[in-house]
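Right, one structure below, let's go through it.
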Number of protein chains: 2
Amino acid sequence: MLGTPSRNRQTERREATRREIVDAAWEVARDEGLAQVTLRAVAERVGMRAPSLYSHFASKHAIYDAMFADAWTECGRAGREAEAKHPPQSLRDAMHLYAATFFDFCVVDLARFQLMNQRTIPGFEPSPESYAPAVAVLDELRDRLATFGVTRLEDIDLYTAIVGGLIDAQLANDPGGDRWRRLLDHAIDMYVDSLNH
Amino acid sequence: MLGTPSRNRQTERREATRREIVDAAWEVARDEGLAQVTLRAVAERVGMRAPSLYSHFASKHAIYDAMFADAWTECGRAGREAEAKHPPQSLRDAMHLYAATFFDFCVVDLARFQLMNQRTIPGFEPSPESYAPAVAVLDELRDRLATFGVTRLEDIDLYTAIVGGLIDAQLANDPGGDRWRRLLDHAIDMYVDSLNH
DNA sequence: GCATCCTCCTAATCATGTTAGGCACTCCTA
DNA sequence: TAGGAGTGCCTAACATGATTAGGAGGATGC
């Protein structure tokens with residue numbers, strides 16, 4: 001029967017093991033790159049053999065899926081932390097804050113960024129459930145910008161595309177540097193100016 | 001000895017076979033996606049067995065390498081064709097022209113775009129020789145924009161980052177559609193305005 | 001005509017994701 | 001408290017992909 005203490009203990013353990021596996025996958029990704037995230041490598045870190053992971057995940061992509069959800073959940077948290085620390089007082093403030101926070105969040109961990117951009121992993125498509133945190137982040141952003149009067153979908157699309165473009169350029173052309181990071185503030189100012197006609 | 005007719009005939013045949021292989025790889029990429037570009041699949045299209053490809057390329061990545069060079073060479077050609085057809089009369093013209101040309105060039109073939117963005121293929125790094133056409137395209141762009149007075153490196157960096165961001169967003173969020181394509185002209189106008197202070 | 005080289009082949013190896021099947025331990029219940 | 005169900009891990013094996021080893025056959029050059 002569901003809801004009994006032992007049942008809870010069991011699902012708790014099960015959940016803990018899943019977390020352990022996903023955390024191990026994150027370690028491998030950060031230490032050796034996303035390409036090195038192999039079932040054997042992950043299993044070894046948790047003291048298992050590769051096939052045993054199938055007791056917890058239906059496939060390797062299911063692990064990616066959990067990582068994808070992790071990344072966007074963390075991203076949302078980073079955004080909320082940033083706005084708690086420096087509550088934006090104007091649209092310009094807000095646009096700088098969210099752009100810079102997202103930029104730094106992405107650039108600090110290439111593997112995580114690659115995961116968040118599902119396109120970079122051939123054949124991987126996040127499940128609707130795992131996609132939810134990503135949608136939530138975007139919804140939150142829309143909500144915040146709406147309080148400053150920006151509600152048009154295209155305005156937000158262009159905003160995110162610009163920030164994404166700078167992140168991409170940074171990682172592709174100057175990883176570890178800050179060449180495009182230095183352009184970010186200028187780009188945002190330009191964009192906010194254009195919104196004010 | 002080098003330079004004899006027979007030697008030329010030999011290297012010609014050799015070159016032709018290399019081309020055939022790379023073309024076959026392009027076919028597979030376009031028809032079935034980059035992930036399906038396997039040595040067996042490529043070899044089958046040229047009537048060979050997979051190991052035989054090693055007589056012409058040192059590795060699968062070497063084939064990617066040739067494709068990478070192809071893509072950027074074509075990209076440069078597309079740019080020159082576009083400017084021949086509609087010679088830009090102003091900075092604004094030019095920025096619209098190159099952005100739209102590049103955007104359309106990328107969006108029309110996802111596999112090609114993934115190749116041009118080497119980051120999307122785990123472990124693949126283009127060789128300096130294959131990188132040359134990519135550098136040439138950027139040099140050409142710099143040269144053209146310079147004739148309209150834009151010479152600051154950061155200005156061109158931001159320009160390419162914005163265009164790249166829109167392409168990325170288009171392919172990631174609305175493949176086959178034109179949602180971000182419609183934002184492109186507006187983005188470029190905004191950017192040119194910002195250059196004119 | 002004979003030696004050489006070049007291209008392609010088959011067979012085999014290695015890495016990876018995945019499936020099959022079995023053993024042991026836990027936990028519930030009679 | 002003994003047995004039975006279910007769970008979680010294991011080993012063995014398989015499929016597919018890149019790659020290497022080694023050899024056969026034909027074109028090329030003397």
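Proteins get letters first, then strands, A, B, ... in listed order; numbering begins at 1 in each.
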- Find the distance His56(A):NE2 to dG6(D):P and express it as a whole number of Å. 18 Å
- Task: Could you tell me whether Ser55(A) contacts a base, only the sugar-phosphate backbone, or nothing, with contacts defined as non-hydrogen atoms closer than 4.0 Å?
- Result: base
- Message: Closest-nucleotide mapping onto DNA chain C: is Thr17(B) or Arg40(B) further toward the 5' terminus? I mean the 5' end.
- Response: Thr17(B)
- Message: Given dC9(C), dT19(C), dG8(D), identify the nucleotide with an atom nearest to the side chain of Tyr54(A).
- Response: dT19(C)
- Task: Report the C-alpha separation of Asp70(B) and Trp26(B) in whole Å, then their side-chain angles, then the decisive distance to 0.1 Å, and conclude whether the side-chain hydrogen bond (donor to acceptor under 3.5 Å, both in side chains) test is met.
- Result: CA-CA 10 Å; Asp70(B) 273 2; Trp26(B) 276 118; 3.0 Å; yes
- Using atom CG of Leu53(A) as one end and atom P of dT19(C) as the other, report the distance to the nearest whole Å. 13 Å
- Task: Give the rounded distance in Å between these two atoms: CD of Glu44(B) and C1' of dC8(C).
- Result: 16 Å
- Query: Which nucleotide in the set dC8(C), dT18(C), dC9(D) lies at the smallest distance from any side-chain heavy atom of Lys60(A)?
  - Reply: dT18(C)
- Protein-nucleotide distance (Arg18(B), atom CZ; dC8(C), atom P), rounded to Å: 13 Å
- Evaluate the criterion side-chain hydrogen bond (donor to acceptor under 3.5 Å, both in side chains) for residue pair Ser55(A) and Ser52(A); output intermediate values, then yes/no. CA-CA 6 Å; Ser55(A) 297; Ser52(A) 304; 5.9 Å; no
- Query: To the nearest Å, how far apart are Phe57(A) CZ and dG8(D) P?
  - Reply: 13 Å
- Item | Atom pair distance, as rounded to whole Å: CZ in Arg13(B) and P in dC8(C) | 9 Å
- Query: What nucleotide, of dC9(C), dT19(C), dG8(D), holds the atom closest to the side chain of Arg14(A)?
  - Reply: dG8(D)
- Item | Test item: Met95(A) and Leu145(A) side chains (from C-beta on) under 4.5 Å apart, heavy atoms | yes
- Does Tyr98(B) have Arg144(B) sitting over its ring (NZ/CZ under 6.0 Å from centre, angle to axis within 45°)? no
- Query: The side chain of Met48(A) lies closest to which of these nucleotides: dC8(C), dC9(D), dT18(C)?
  - Reply: dC9(D)
- What nucleotide among dC10(D), dC8(C), dA18(D) has an atom nearest to a side-chain atom of Ser52(A)? dC10(D)
- Integer-rounded Å distance: dC14(C) P and Leu39(A) CG: 21 Å
- Query: Could Arg77(B) and Phe105(B) be counted as a cation-pi pair, given that NZ or CZ must be under 6.0 Å from the ring centre and within 45° of the axis?
  - Reply: no
- Task: Would you mind telling me which of dC8(C), dT19(C), dT20(D) lies closest to the side-chain atoms of Pro51(B)?
- Result: dT20(D)
